[in-house]
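Below is one structure, written out as structure tokens; the observations come after it.
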Number of protein chains: 2
Amino acid sequence: MAESTETGLPRAVMIAWGMEKTPQRGPSRGLSHERIVGAAIDLADAEGLTAVTMQGVAKALGFTTMSLYRYVSSKEELLLLMQDAAFALPERSTLPTGWRAALPAWAELIRAAYRSHPWALEIPRGQASVLMPNSVWAADLGMAALADLDIDQESKVGVILVISQLAASMVELEGSLAEEGLVSTTPEGTGLLAEVITPERFPHIADLFAANSRVGADGGAGFAPVIDGGTLEVDGEFGLGLSLLIAGLEALQRSAARETEQVPDQDVEGTGPV
Amino acid sequence: MAESTETGLPRAVMIAWGMEKTPQRGPSRGLSHERIVGAAIDLADAEGLTAVTMQGVAKALGFTTMSLYRYVSSKEELLLLMQDAAFALPERSTLPTGWRAALPAWAELIRAAYRSHPWALEIPRGQASVLMPNSVWAADLGMAALADLDIDQESKVGVILVISQLAASMVELEGSLAEEGLVSTTPEGTGLLAEVITPERFPHIADLFAANSRVGADGGAGFAPVIDGGTLEVDGEFGLGLSLLIAGLEALQRSAARETEQVPDQDVEGTGPV
DNA sequence: GCGAACTGTGTGCGGCATACGCTGAGAGCG
DNA sequence: CGCTCTCAGCGTATGCCGCACACAGTTCGC
């Protein structure tokens, strides 16, 4: 599906890293990858990703639709370039020392990046995405944050991955909740729901829906971040997940340390892949 | 964006819960929501979500395109119904007792559900999604799994949310990696990458790309689940995240218990929202 | 300076979601 | 028992979309 050049790399990767033979002959180019991606990003920021059409981008630049195809071989490729550009972290970000402080700081950087361009999360993420410059840079920074944590390299990658996925999920959730406010704010709606979400059928969750019109809303798992008087608690969910992971890492490290001292502790890894 | 009826509830929610006034007069209906959603799901399973077009679904049913609009007011609504239908957990799933065992079991149920219909993850998840029947049911089951865990209700919801998001991310990642195998399998590709991903520029991650052509690939955070001789370690990442969360929960519980005994421990929550 | 390489344009195709008016079936009421 | 009104499914049409392709004009290497 992903266009690949004869190098085996998707063309978008080549473009993003600047490994593109720019032609010498012919008229000078009126456009550039940067301008095209920039215009597309402006469009997405202003009107959402659905507003990013080849015709829309071209019109914003004052060119015809087809002229874009001299720079980008498909819309998918443009989207990949947008995704990477949107994921730029602030140049030369510095992290606190010590993984306990560095990891949350890094996580917040990632989350901020997603937040600034939430539409980037709607773009399908393929294998090409990792190879893009800003992805690599963010991963490098993440590994740096964990430099003084005593677990193996692969697990570090896993932690980085899990946290960034968590950040992505939370931003996505935040966005979908923010748009157009809460659902079922009318009494009729909640009344109707109360008829089907009964404590008999859903003993463990019905009260969350029923209680003083606080209503859960979901993000894809099918679950409800609790809404508190209109203020979302997405921040809280993110912080909770993060702090649990950190606590888990500490436990993992402690148990590993004890193991080397030949004092076996409960095995935290034991719960492993189900 | 989400169509809402005069009840304040999105129409898709009404349909999914069976709260629809079916007309009394007129000819008998040749179609039904169930048949339409079923046909759409079959299409998505067989050829992916992009194959789900109104015309495609209609043709599969032997009806014209526009006849579908008597049952579904937009394609978005159909997609929401598909999303919920795809997320059905096995009827009457039972969980082990004790949250330590129940939580991984529940997580695996969720992951299995996503895995059986991966295209469901591509459907944008809005606020309506939580209110759908299978979402509510899954949430209820998750809360049941945590019944004997001694933390407050809101945190439980957070844990449920985080885990389901993790499962979703991992399934999505798994799918994007599986499709069309690895990228940059040609020597030219890795060579080119080695030119730009240098240890000088990316001191903490360059070796992961360089080392024996094991190559990282990403899922949207910009990070690399390590590939091991062609076998994905997505299972491992999922298990790692899950076990870290469980260890974190144990630590959280322990520290809470000590606090009530007036013996302050290190505050695990302290790392909280950044 | 001449030809090859290259740029941006115009036109057009097939596919998409969806609006609207029509016909005739069938149920409920009288 | 038959009238009438509701409603199901159809045909047609509109306006987007991504993208293929041939063409005309431009600029550099030789």
Side-chain angles (χ1 to χ4, degrees), chain A residues 1-3 5 10-12 15 20-37 39-40 43-44 47-83 119 122-124, chain B residues 1-3 11-12 15 20-37 39-40 43-44 47-83 119 122-124:
Chain A
M1 194 169 283
E3 303 277 315
T5 59
R11 187 179 275 293
I15 295 174
E20 272 290 278
K21 49 165 214 275
T22 35
Q24 306 300 348
R25 323 270 247 259
S28 54
R29 320 188 95 185
L31 280 172
S32 66
H33 295 120
E34 287 76 15
R35 284 188 64 200
I36 292 176
V37 172
L43 255 178
E47 305 171 53
L49 197 62
T50 63
V52 177
T53 68
M54 296 310 263
Q55 352 219 6
V57 174
K59 193 184 300 176
L61 289 165
F63 282 73
T64 56
T65 306
M66 290 314 292
S67 59
L68 301 184
Y69 284 93
R70 288 278 172 201
Y71 299 82
V72 173
S73 63
S74 72
K75 187 183 181 182
E76 184 197 346
E77 194 173 292
L78 172 59
L79 289 177
L80 281 176
L81 291 172
M82 291 174 65
Q83 187 179 53
W119 46 258
E122 300 170 37
I123 300 173
Chain B
M1 195 169 281
E3 304 276 318
R11 193 186 255 327
I15 295 174
E20 270 297 271
K21 48 163 211 278
T22 36
Q24 305 300 346
R25 318 272 249 259
S28 53
R29 322 185 96 187
L31 279 173
S32 67
H33 295 120
E34 287 76 17
R35 283 188 64 200
I36 291 176
V37 172
L43 255 177
E47 306 172 52
L49 197 61
T50 62
V52 178
T53 68
M54 296 309 263
Q55 350 222 9
V57 174
K59 192 184 302 178
L61 289 165
F63 282 75
T64 55
T65 306
M66 290 314 292
S67 58
L68 300 184
Y69 284 91
R70 290 271 169 203
Y71 300 82
V72 173
S73 63
S74 70
K75 188 184 180 182
E76 184 196 348
E77 194 173 291
L78 173 58
L79 289 177
L80 281 176
L81 292 172
M82 290 174 65
Q83 187 179 53
W119 46 259
E122 299 169 37
I123 299 173

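Letters A, B, ... mirror the listed sequences (proteins, then strands); counts begin at 1. Just the heavy atoms: all of them, side chains too, but no hydrogens, waters or symmetry mates, feed the values below. Quick caveat: nothing in here was measured; it's all calculated off a predicted structure.
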[X] [atom1] to [N] [atom2]: how many Å, rounded?
| X | N | atom1 | atom2 | result |
| --- | --- | --- | --- | --- |
| A:Glu76 | D:dC17 | CD | P | 19 Å |
| A:Lys75 | D:dA20 | NZ | P | 15 Å |
| A:Leu31 | C:dT9 | CG | C1' | 13 Å |
| B:Arg35 | D:dA8 | CZ | P | 15 Å |
| A:Glu77 | D:dC19 | CD | C1' | 14 Å |
| B:Leu78 | C:dC16 | CG | C1' | 15 Å |
| B:Tyr69 | C:dC22 | OH | C1' | 19 Å |

Contacts of type side-chain contact (heavy atoms from CB on, under 4.5 Å), residue [X], not counting sequence neighbours:
| X | result |
| --- | --- |
| A:Glu34 | A:Ser32 |
| A:Val37 | A:Ile41, A:Leu78, A:Leu81, A:Met82, A:Ala85 |
| B:Arg70 | none |

Are any side-chain N or O atoms of [X] and backbone N or O atoms of [Y], one a donor and one an acceptor, separated by less than 3.5 Å?
| X | Y | value |
| --- | --- | --- |
| A:Arg29 | A:Pro23 | no |
| B:Glu77 | B:Arg11 | no |
| A:Tyr71 | A:Ile36 | no |

Check the interface with nucleotides 23-30 of chain D: list each N/O to N/O pair with the protein under 3.5 Å, or write none.
none

Starting the side chain at C-beta, find the nucleotide from [options] nearest to [X].
| X | options | result |
| --- | --- | --- |
| A:Pro23 | C:dC6, C:dT18, D:dG18 | C:dC6 |
| A:Met66 | D:dA20, C:dA17, C:dG8 | D:dA20 |
| B:Tyr71 | C:dA17, D:dG9, C:dT7 | D:dG9 |

For a quick test of your reading: what N or O donor-acceptor pairs under 3.5 Å do the side chains of residues 50-66 of chain A make, sequence neighbours left out?
unit_1  : atom_1 : unit_2  : atom_2 : d
A:Thr53 : OG1    : A:Gly56 : N      : 2.9

- Query: Which residues in residues 53-65 of chain B have at least one heavy atom lying under 4.0 Å from any atom of DNA chain D?
  - Reply: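 Listed by number, they are B:Phe63, B:Thr64.
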
- If we only count heavy atoms from C-beta on, is the A:Val72 to A:Ile15 side-chain gap below 4.5 Å?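 In short, these two side chains do not touch, never coming nearer than 4.5 Å.
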
- Message: Do A:Leu31 and A:Ser67 have side chains that approach each other closer than 4.5 Å (heavy atoms only, starting at C-beta)?
- Response: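 They are in contact (side-chain heavy atoms under 4.5 Å apart), so the answer is yes.
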
